[in-house]
Amino acid sequence: MPEVATAVWDGVTRLGYTGGPTMEPGMGIGHFYGTRPTNLPIEMNGIELDSISGRIAQHLYQSANIKIAGYETIPMEKD
């Protein structure tokens, strides 16, 4: 539902979000990435368990870092 994703982006930008690394967990085909504000420097990362949805998202958003896997198999980096 792109309308929901757009409303979330509207809300976070009104709260002061100015860009940076962003995670879309359980991303499906990537509605949040697809509706992101194009005027902000957003580095998108996503995780999707379903291989078909994940591959669609990877094809649609080739600049995003999308992992097709379960959370338990993805190493998290410490800053």
Side-chain angles (χ1 to χ4, degrees):
M1 294 207 300
E3 300 83 10
V4 173
T6 300
V8 171
W9 281 119
D10 289 344
V12 297
T13 55
R14 276 192 301 239
L15 290 170
Y17 177 77
T18 59
T22 305
M23 170 62 77
E24 184 175 354
M27 73 179 300
I29 63 167
H31 285 308
F32 281 97
Y33 189 78
T35 59
R36 73 196 181 284
T38 56
N39 62 329
L40 296 179
I42 299 173
E43 176 190 324
M44 287 301 296
N45 301 284
I47 301 173
E48 177 54 45
L49 181 60
D50 179 69
S51 65
I52 294 173
S53 297
R55 287 182 302 188
I56 290 170
Q58 285 177 331
H59 181 74
L60 291 173
Y61 309 112
Q62 296 176 11
S63 65
N65 177 23
I66 300 169
K67 304 289 186 201
I68 301 172
Y71 288 102
E72 70 278 4
T73 65
I74 299 176
M76 296 296 185
E77 297 178 21
K78 289 185 176 182
D79 288 334

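Atoms considered below: every heavy atom in the structure, side chains included; atoms not considered: hydrogens, waters and symmetry mates.
Counting non-hydrogen atoms of neighbouring residues, nucleotides and ligands closer than 6.0 angstrom, the CD1 atom of Ile52 reaches no more than 12 such neighbours.
Atoms CZ and OH, from Phe32 and Tyr61 in turn, are 12.0 Å apart once rounded to the nearest 0.5 Å.
Pairs passing the side-chain hydrogen bond (donor to acceptor under 3.5 Å, both in side chains) check and including a residue from residues 35-50, sequence neighbours excluded, read Asn45-Asn65, Asp50-Ser53. Each side-chain hydrogen bond (donor to acceptor under 3.5 Å, both in side chains) pair with one or both residues in residues 14-29, not counting sequence neighbours, appears once here: Tyr17-Thr22.
For the pair Ile68/Leu49, no side-chain contact is recorded, criterion being any heavy-atom separation below 4.5 Å from C-beta on.
For Tyr71 (side chain) and Gly26 (main-chain N/O), a donor-acceptor pair under 3.5 Å exists by modelled atom type. Of the possible donor and acceptor atoms, one in the side chain of Thr6 sits under 3.5 Å from a partner among the backbone N and O of Pro2.
Criterion: ILVMFWY side-chain heavy atoms under 4.5 Å apart, direct or through other members. Under it, Met23 and Val12 are not part of a common hydrophobic cluster. Note on Val8: it clusters hydrophobically with Ile29, by side-chain heavy-atom contacts below 4.5 Å among ILVMFWY residues.
Heavy-atom minimum distance, Ala57 versus Gly30: CB-N, 4.4 Å.
Test Met27, Met44, His59 against Ile66 for side chain to side chain contact (heavy atoms under 4.5 Å, CB included) and you get one pass: Met27.
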